Amino acid sequence: MDFFDRFAVPHPSLAIYASMAAIGLTIIAVLAGLTYFKKWGYLWREWLTTVDHKRIGIMYLLSALLMLFRGGVDAIMMRAQLAVPENTLLDAQHYNEIFTTHGIVMILFMAMPFIMFFMNFVVPLQIGARDVAFPRLNALSFWLFFMGAMLFNISFVVGGSPDAGWTSYFPLAGTEFSESVGNNYYMIAIQIAGIGTLMTGINFITTILKMRAPGMTLMKMPMFTWSALIANVIIVFAFPVLAVLLAMGTLDRQFGTNFFTMDNGGMDMLWANIFWVWGHPEVYILILPAFGIYSEVISTFARRNLYGYKSMVGSMVIISLLSFLVWAHHFFTMGQGAFTNSIFSITTMAIAVPTGVKIFNWLLTLRKGKIVFTTPMLYSMLFIPLFTLGGVTGVMLAMSAADYQYHNTMFLVAHFHNVIIPGVVYAMLAGLHYYWPKMFGFMLNEKIGKWTAWLLSIGFILAFMPMYVSGLDGQARRMYTYSEAAGFGLMNMISFVGAAIMAIGFVLIVYNIYYSTRYESRDISNDPWDARTLEWSTHTPVPEYNFAILPDVRSNEALWDAKKNGHVLFKGEYQKIHMPNNSGIPFIMSCIFFVWGFSFVFSLWIPVILTTIGIFVCMALRSFEQDHGRYISVKEIEETETNLRGA
């Protein structure tokens, strides 16, 4: 391939040219707006160099929402292509690229940052800490994730998107079947983002274990904090596996090694095995924090403590252990043998037991509760039946003999969407509505929020329930077209209508944010939901230091204990507070990583060497930097607290 040819999109279309123009115009508009309104200094001081966990959390949120719509466009295009038989909206290559990028964007660049948003914003507040253990590492984690996401997303306008599926199985992802640089983007962009995620895991394990407020033992931690701790333990064990796998894939594609080839000693199934050793725990990295959010929301709006606290914690620990023992259920039809299939069938079914324990705990929390149907509670109530259906179909897939019927059909597609959308996306939306007033000082509109929840649920049922039917009838996943004689047309048209309704629901979310920003009251209390945990005991907006005095904790629902039993949360006098300084090194280092990744994708070795040196220079600068942070004086604290109480 000639030098300049590798930068061209291999299969250009009007849509791609329009995207190029839109990206260019958007960049120009943003730069012009920042210059016109003189916001460059503000952007640098307050956001690009921040180490405040709350601001970093909000940047994760903005990234997640952006990627939600990026991945949603892919989803609509896929459903539109399959809505009628023998459709020509997309050709086979474009369809391959779209379902590949849809999977990666939604799992790694939408759901993961949504989880990281809640971890960053909520966990330090829930445990009564003033920041995370390693604030600069936290900033670097975000910026590496963000640069990895941006690198991945420029692939469809520079060089071409990856096209081997979100699992990127070899040899399909190798150079013999994929000559363009698309799958190089896959290897390098996910590697950069994954390094950031691994850093987050280390940071939050340290934060939760070492920075809890006085009196907060492990068994007094709120349920979301428990879920975050266990998810980050899984991250620390699983993401190094992904890093090694992507490095091996890069070596195969860029340097001609033979880890995953069909000859010269390679083994294509090695990729599949290592991928799912990471990939299946990844599902629980997403779902466990979602379970934590549902636990907080349901106990708050049922107006009673969470039923079975210890069993909830125990079930999450068991899920985390079993998550590493089920990966080979992805290979039931690949010739493993009956004994191996039986072992992984048993472990897969076993993981349904602790998950079922959590469902019953939530139902028993609701029993005799004084339920308040807010928007977060509505999402939580819709989650229970929809997620349970997805779990039941998962047990069906766990039967290795039956899996010969289900494998690689639309039944499987319906199943994992039936788990991920109610299980993760609904939790993210419930948590977004729940924590919005603590972030921004006003509520999201309840009426619009409830309309959105119902629209999404109706659209979800219409979009994915027909896939169970067409899958059982034999429609294979990843088929870009089908004949009228196949009989899949009606079910696929219903799915397209459902996807369109869901798209309207997501547009309503944007409208709700716009409407609420303009019209909702700013006159709300620090605790508008009458909640139960520590994050609602501090001011709204949350001051930089979170708590002027560290709280004294007596139970896993410390704020509720204080409100109902008269326990004094904040004892003692103000003392000066040590806080970290902002730093531009994480942002600069991540920009160098972006250039390094882009150069690696296109085999530009001189820029790769120069940027590698630049990365190590940034590390050295940080190592030798004399920066011991700063102190907020007692006088400043008193003034801030007085102003916030007055507000």
Side-chain angles (χ1 to χ4, degrees), residues 61-62 64-83 102 105-106 110-111 114 286 290 293-294 297-298 301 371-390 410 413-437 442-469 490-520:
L61 172 62
L62 294 173
L65 291 173
L66 179 65
M67 292 297 101
L68 175 63
F69 285 90
R70 162 73 173 88
V73 170
D74 286 342
I76 288 293
M77 292 175 71
M78 283 190 289
R79 297 322 313 161
Q81 167 64 19
L82 294 176
H102 170 75
V105 165
M106 287 302 206
M110 185 280 289
F114 238 134
L286 299 178
I293 289 169
Y294 284 130
V297 169
I298 288 172
F301 297 113
I371 300 172
V372 181
F373 271 101
T374 60
T375 300
M377 190 61 161
L378 179 57
Y379 277 113
S380 303
M381 294 298 93
L382 291 166
F383 146 77
I384 291 175
L386 294 175
F387 178 82
T388 301
L389 176 61
M410 296 303 286
V413 176
H415 156 70
F416 66 69
H417 284 87
N418 206 163
V419 171
I420 294 297
I421 292 178
V424 178
V425 177
Y426 278 27
M428 301 303 99
L429 296 176
L432 182 65
H433 281 264
Y434 186 58
Y435 285 110
W436 190 273
F442 61 93
M443 313 275 277
L444 288 175
N445 184 272
E446 281 286 289
K447 186 175 181 180
I448 301 173
K450 290 175 181 176
W451 267 102
T452 303
W454 283 114
L455 268 178
L456 288 176
S457 299
I458 293 167
F460 169 79
I461 291 168
L462 289 174
F464 295 103
M465 295 306 117
M467 293 184 192
Y468 286 119
V469 178
L490 177 61
M491 292 296 104
N492 281 280
M493 177 54 75
I494 295 172
S495 289
F496 172 67
V497 172
I501 293 172
M502 290 188 74
I504 295 170
F506 287 118
V507 170
L508 266 183
I509 294 171
V510 177
Y511 176 72
N512 195 355
I513 293 172
Y514 162 77
Y515 178 89
S516 302
T517 302
R518 289 201 63 180
Y519 301 114
E520 286 296 313

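This structure is a prediction, so every number in the text was calculated from the model and none was measured. Heavy atoms only: backbone and side chains are in, while hydrogens, waters and symmetry mates are out.
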* Structure fact -> Correct closest heavy-atom pair for Ile494 and Pro466 would be CG2-CG, 3.6 Å

* Grab the two heavy atoms, one from Met381 and one from Pro385, that are nearest each other, plus how far apart they are. => O-CD, 3.0 Å

* Would you find a donor on one side and an acceptor on the other, under 3.5 Å apart, between the side chain of Tyr426 and the backbone of Ser457? -> yes

* Asked: Heavy-atom distance under 4.5 Å between the side chains of Leu462 and Met502, does that happen here?
  -> no

* At what distance, to the nearest 0.5 angstrom, does CD of Glu520 lie from CD1 of Ile448? -> 7.5 Å

* **Pairs involving residues 70-81, ordered by first then second residue, that meet salt bridge (Lys or Arg N to Asp or Glu O under 4.0 Å) (sequence neighbours left out)** => Arg70-Asp74

* Parallel, tilted or perpendicular: which describes the rings of His417 and His102, with under 30° parallel and over 60° perpendicular? -> parallel

* **Considering all heavy atoms, the nearest Gly423-Ala290 contact** => O-CB, 3.1 Å

* Donor-acceptor pair, side chain of Asn445 and main chain of Asn512, under 3.5 angstrom -> no

* Indicate yes or no: at least one non-hydrogen side-chain atom of His415 is less than 4.5 angstrom from one of Phe464. => no

* Structure fact -> Distance col, row Ile421:CD1 vs Leu382:CG, nearest 0.5 angstrom, shows 13.5 Å

* Asked: How are the rings of Tyr294 and Phe383 set relative to one another: parallel (under 30°), tilted (30 to 60°) or perpendicular (over 60°)?
  -> parallel

* Any side-chain heavy atom of Met67 sitting closer than 4.5 Å to one from Phe114? -> no

* To do: Among Thr374, Leu378, Ile371, find the residue that satisfies the side-chain contact (heavy atoms from CB on, under 4.5 Å) test when tested with Phe301.
  => Thr374

* Does Asn418 reach the side chain of Phe460, with side-chain heavy atoms less than 4.5 Å apart? -> yes

* Structure fact -> Minimal heavy-atom distance between Ala463 and Ser495, with the atoms involved, is O-OG, 2.8 Å

* How long is the span from the CZ atom in Phe506 to the CG atom in Leu65, to the nearest 0.5 Å? -> 10.0 Å

* **side chain to side chain contact (heavy atoms under 4.5 Å, CB included) assessment of Phe496 paired with Met493** => CA-CA 5 Å; Phe496 172 67; Met493 177 54 75; 4.2 Å; yes

* Structure fact -> Heavy atoms of Leu386 and Ile461 approach each other most closely as CD2-CG1, 4.1 Å

* Asked: Val425 versus Met110: any side-chain heavy-atom pair under 4.5 Å?
  -> yes

* Note, Leu61 side chain near Leu432 side chain (heavy atom, < 4.5 Å) -> yes

* To do: Determine the minimum heavy-atom distance between Ser516 and Leu444, stating which atoms define it.
  => OG-CA, 3.4 Å

* Contact check, side chains of Leu389 and Met465, non-hydrogen atoms, under 4.5 Å -> yes

* Quickly, which of Ile293, Val297, Thr452 forms a side-chain contact (heavy atoms from CB on, under 4.5 Å) with Tyr379? Name it, please. => Thr452

* N/O donor-acceptor pair under 3.5 Å between Glu446 side chain and Thr375 backbone -> yes

* Structure fact -> Value for CD1 (Ile509) from CZ (Phe69), rounded to nearest 0.5 Å, stands at 6.0 Å

* Asked: Are any of the side-chain heavy atoms of Met106 and Ile420 separated by less than 4.5 Å?
  -> no

